[in-house]
Every structure is written in structure tokens, then in C-alpha cells.
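Below is one structure, written out as C-alpha cells; comments come after it.
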Protein chains: 2
Amino acid sequence: MSKPEITNTKLDDAARAGWLYYVAGNTQDEIAAKLGVSRQSAQRMVSLAVSEGLVKVRLDHPIAHCLDLAAQLKKRFGLKMAEVVPTDPGSTSTTLGVADAAAAEMTRWLKMEAPVIVGIGTGRTLKAAIEILSPIDCPQHKVVSLTGNIAPDGSAAFYNVIFNIAEKIKARSFPMSLPVIASSPEERELLHSQPMIRSVLDLSAKADVAFIGIGDLEDDAPLFVDGFISHDELQALRQAGAVCEIIGRAFDRNGIAIEGLTNERVASALIPSRETAMVIAIAKGAKKMPGIAAALKGNLINGLITDERTAEALLAG
Amino acid sequence: MSKPEITNTKLDDAARAGWLYYVAGNTQDEIAAKLGVSRQSAQRMVSLAVSEGLVKVRLDHPIAHCLDLAAQLKKRFGLKMAEVVPTDPGSTSTTLGVADAAAAEMTRWLKMEAPVIVGIGTGRTLKAAIEILSPIDCPQHKVVSLTGNIAPDGSAAFYNVIFNIAEKIKARSFPMSLPVIASSPEERELLHSQPMIRSVLDLSAKADVAFIGIGDLEDDAPLFVDGFISHDELQALRQAGAVCEIIGRAFDRNGIAIEGLTNERVASALIPSRETAMVIAIAKGAKKMPGIAAALKGNLINGLITDERTAEALLAG
DNA sequence: TTGTGTTATGAGCAAATACTCACATACGGG
DNA sequence: CCCGTATGTGAGTATTTGCTCATAACACAA
């Protein structure tokens, strides 16, 4: 007070004020009274303590780390949206947690008053998400499939989820009645030129938000396991540098689409523009890491729902 | 969202909200929007996160430790007021720091509009505090000495600070013109029965706040060094269990006044009631530890200004 | 099914906080 | 010595927060 410690005084006082505020739970009025200054000065001290980094807030809850990681992901990869769910250490499920988060994110969009066009990809994760989606009436929205729903054997593609979501929510849904991968580039062009298909493709390009999965290209790649491509084709893709598949289309480690091979027969819509739409990938797990990294690098997505462990790996890489 | 984790959901949400609030710096309105709930619910989540102890605040500043210690002292010993100043590791001064804090505390009282009766003890620490006290006009207050101001040789007692404080502040001051320790119990009674003295004693009993020092009873006890008691008397006191002296009166380790010996000749006022007055001790250092502990144990004081090291020792004991 | 006790929710309001601005005070250079 | 710039202060005001209360949703039992 009287002995002038040249410059530290201010910070000391700020620390005092910060302590009284955050630790002792005083109001700024009380602090002002106790320190014999005006309320405004007390306020300044407190905010000084904060801005000087004297005050550290820690959140003792697993969720806190997740939110941290999400913020880092957003910053590092320029994402508009990122969500990281806690990793359940005892589980190997590729959908646990992220499916819930994806469902929540879908609900967030579907609850909007204004009409929204929702693009829907394919895959196990997405299917799991739809499964736990709470039913909701939203006749104002449109849900459009980004991929064909016909399996190579002519049956309905099991992991095409457009019908599942149609059951859940009362919105107009737009499936694409064609094979995921056509038998030839020419067939694809033919199919795409059909008015019904054309209008769905046009609608998908206008999507406001799209939820997509990311498929790996390991030996048990979904694309192969589900019979859309042969093992030879899978190996050829890998040889060409492909590391992942998004709505049927293969991409290399930089997120660049592979030229030729099965890609010239993929009948899916293009991934909606990242300029006009939120393209949210739902993916987690070591196997999908290269694919997620590629999608991030190639700016194929601007939103990501993943888990803690995957997020950490992505940020470490 | 849909998978009902029976009870953790709420805490998870609270953690989210808390994170968004404290870490991300969102306003509760923003949190409400992001989480799709009302502002009130967001507020409830945040306060739940706080009340559940999810949010931990740490203050990175030496002063924070002092304030922590002060809070602990208050709680542990039922003090109404406690102040802990940083210990300067390189200094052995018994007044450095605490004197400043004491001066600040005095100023706080003296700045009050309403008339206050201030009791003043004696000692080196108190004298140092008065010396750095900023001059202040407070004609509404009264300052009353709790001890006599006449040394055994008839001179003014050097560490009686009533005159020092009277110079500094423009308040009515009330010295006690009698020896600190009378030559006999009878003389004390005689002195105390004099109207002038009587009125000062009565005034001291009505003090609103008292600032006192705590004297040790080592071989260089102030009471002995300043010539108020002989070395034999000092030893006798110690033999009787005395560990400290407050305004001339000796107390044992439980804060109980020693029976007989010099205590029956001490002419000082009694320590003002801890029910009606703030009795603030200013003391630090290893030598005074037993005395401070005794004063705390015996509820002789309800306020303490000390330093970090002493506070830690008191709390450890 | 209906009643009942518990819990959650949102509105409204009072308190607390943050911000802006105008002015005061101090410092350093001309 | 004076002036411009920086720094700090308090008043006023807008925003944000916390609290209370009435009501709604819910679970459970009769």
C-alpha cells in the first residue's frame, strides 16, 4: 500500500481480485469494498487477472477433453463443425458414441423451421446413427440419397440408409434407384441422364447439409465386403494410391479422386459443395484414419464427428 | 441422445455447458443456442457443472497461496478476519510485509464515515505499521491506548505507539498515563481508580477494533528487553507456563492468563471483547508461533495479520 | 385411468457484470 | 514550462447472469 513495489503491485492486486472472485466467490462489489477501490476498478482487476492468464479453469470431466480436441480439429483443418465424443476404452465398435453424436447433429438440423435439404451417404456408421435417431416430424425438409441403392445382385443395398431415415422422420425422401457402381462408364452416363435420376442428382447438389461415412480400403473394405467391387478391383485401387472411399468414390492420401478404375463407373452423386453445404463425415477408428486424413487434406468435408482417440491421432499426424 | 445413459447424460451436458462457458468463453445464450435448449437450462447446466465440482479454478500467482492460507486460518480458528502476506525468503525482519498489511487494515477502518473507537496495543510490529500509515483526517474516530505509556525509568515507553498514531491521523487520542506494570497490585488498583485512567479504561472496553502485537517470552522478550520485567520475573513466567505476552499480560499455551506473578501488576486494559470488537493481532515469525497459537486457542483474538510461513506453521500444528 | 409427488421448464425480474466514454492525472519530449 | 500522449478512473448504460415462481411433464401408485 505504501511501500511501492514498482510494477508488480498491479498484478498482485489483480491476482487478489481474481482470487476473491473465482476462489472465494465474492461479487465485484464486495471485492471493491474489501480492496477499497471502485467497483469498476475491481472489475478491471478481475479481467486483468483473466487476460494475464493468472486464472486457469479446468474441467474435470471426460467431455472437456473432447471439446478441446474438437476445437483443435476445427482450427487445424479449417472445419466449420467438429464433434469429438469420448472413446470407450473397452469397446471396439466403430459406431459407439459417434452414432449418438451424429444423430444429435441430424436432429439439430431437422428441428429447424426453415426447409433443409439433407444429403445422406451410406455405411455402417450412418446406419447406426439413423437407428438411434429419435422420430421427428419435419415435412418441411427433404432427404436425398447421395448413392444408388441397388446392390450388385439386384437387391436393395443394405447400408443405404435413405429408407431407414424415411421411416424415422416424416420428410420427403429421395432415393436414387440405380446401382452404386455401374457396369461401365457408358451405363453410368445413361443412368444419370434419366430424368428421375437427374432430378435427384440435381437435388443432391443443392443439399444444405450432407452426412457421409468414410470407408476404408483394407481387405475387409465395405465396398468389397458388400460386393460392390471385386478383390482385384480393390487391389487395383490401392495400387493406384487409394486410401479411402466416400459414397463409392475412391480417393488417394491427399483427398484427390483416383483416375479411372472403378471411379469412372461410380454412379453416386458428387459430394455436395463445401462452399454451400455442410459436409459432415462420421468416422472413427484406426482403420479409417488414413481416409479421414485424406478427406481433411483434400477438403472433401467441412465437418467431422469422430472420437477422442481418432481425433488425437489426426492431430498428432 | 436416444440411447439412455440413465443418469450421466445430465452431467455430460453440464460438462459441455461448463466447457463452452468457462473454456470457450461462450455466453449462456450462445450455449443455449448451440445445445438447443433455453437460456435458463443452459444456466442450470453451467451452475450444475460448478456445483458438481467439475469446474476447477486455479490462480497462478504467489498471492493466491496467501489468500488460500488466510481463508484456511479463518475457517480453522474461527477468525472474522485474516490476512497473510508473502514471506520474503531473504529477510528476517519481523515487520516486513505485515506492517504494510496492518497499515492498510487500519486505513480501512479509519476511512469509515461512522465514528470508530480504535484500541492500540504496543510493540515493534505495531510501531512499524504506524510509521508507514498514510496520514488521514478522521476527527470522527477515537484512538485509545490499551497499555500504559510510562517506562520503568519514568520515560515514555518507546514502543507505546499512541502518540505516533496521534501525529499521523487527526483523531482524538487517549493515552494511558501510567506504568505498563505497576509496582504492586495495590498500586495498580489505585491507578485504575483514578477518574482519568478509569475513563480511558472504560473507553478501551468499548473499542470497535483493536490492533495488538504478540510478544514472545524468550530471553530477548520485549517485555524484558524494554525493562518492564526482570529476567527473574521472565523466568518465573516461563516456569508458570507462559508462552506469550499481549499488552503486558502473560498467557500460557492455551491462551489462559497466568495467575499471579507480574500479571497481577499489569496495568493495561483488558483485551476488548471478541464479541463486540475486532481484535486483530499483527505477528509473524517462528519466535512468536507459540504465542500466536495460544492467542488463537484461547480466542484472545478474532483477526490475524501474519505471513505465509507462519500461517503454514500454524495450520500444520 | 386418475391422482400425487417429484422434477424439469420458461418467463420475468433483480442483481451483477462488461463496456463505452469523458475526464483526470502523470510522464516525457520539445 | 507547456503540450501531447499514455494511463487510469468513475459515471452511465447495455448485456449477461442468477433467482423465483408458476406451470408443465413425468413417473409411479392406487
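All heavy atoms count here, side chains included; hydrogens, waters and symmetry mates do not. Proteins come first, then strands; the chains are lettered A, B, ... in the order of their sequence lines, and each starts at number 1.
Counting to the nearest Å, the P atom of D:dT17 and the CG atom of B:Leu20 are 12 Å from each other. Here the P atom of nucleotide D:dT9 and the CG atom of A:Leu48 are 12 Å apart, to the nearest Å. Between B:Asp13 atom CG and C:dT9 atom C1' the separation is 15 Å, expressed in whole Å. Rounded to a whole Å, the CG atom of A:Asp29 is 18 Å from the P atom of D:dT17. Going from atom CE of B:Met45 over to atom P of D:dG18 covers 14 Å, rounded to whole Å. One atom, CZ of B:Arg39, and another, P of D:dT16, lie 10 Å apart when rounded to the nearest Å. Separating the OH atom of B:Tyr22 from the P atom of C:dT17 is a distance of 11 Å, rounded to the nearest angstrom.
Contact between the side-chain N/O atoms of A:Tyr21 and the OP1/OP2 oxygens of C:dT17 is found at a separation under 4.0 Å. At D:dG10, one or more side-chain N or O atoms of A:Ser38 fall inside 4.0 Å of OP1 or OP2 (strictly under the cut-off). One finds a side-chain N or O of B:Thr27 lying less than 4.0 angstrom from the OP1 or OP2 phosphate oxygen of D:dT17. Note on A:Gln43: a side-chain N or O is less than 4.0 Å away from OP1 or OP2 of C:dA18.
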Problem set entry | Worked check of salt bridge (charged side-chain N to carboxylate O under 4.0 Å, His left out) between B:Glu312 and B:Arg309 | CA-CA 5 Å; B:Glu312 275 170 344; B:Arg309 194 177 295 157; over 6 Å; no
Exercise. Step by step, would you call B:Met45 with B:Arg16 a side-chain contact (heavy atoms from CB on, under 4.5 Å)?
Worked result: CA-CA 8 Å; B:Met45 286 183 195; B:Arg16 268 203 148 59; over 6 Å; no
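At least one side-chain heavy atom of B:Thr107 sits under 4.5 Å from a side-chain heavy atom of B:Leu133. A:Val144 places none of its side-chain heavy atoms less than 4.5 Å from the side chain of A:Ile120.
The nearest heavy atom of DNA chain C to A:Asn26 and to A:Arg44 marks one nucleotide each, and the one closer to the 5' end goes with A:Asn26.
For A:Gln40 against C:dA18, a side-chain-to-base donor-acceptor contact under 3.5 Å is absent.
Looking at the side chain of B:Ser41, the nearest of the listed nucleotides C:dA16, D:dT17, C:dG10 is C:dG10.
Taking all atoms of both residues into account, the shortest heavy-atom contact from A:Val143 to A:Ile169 is CG2-CD1, 3.7 Å.
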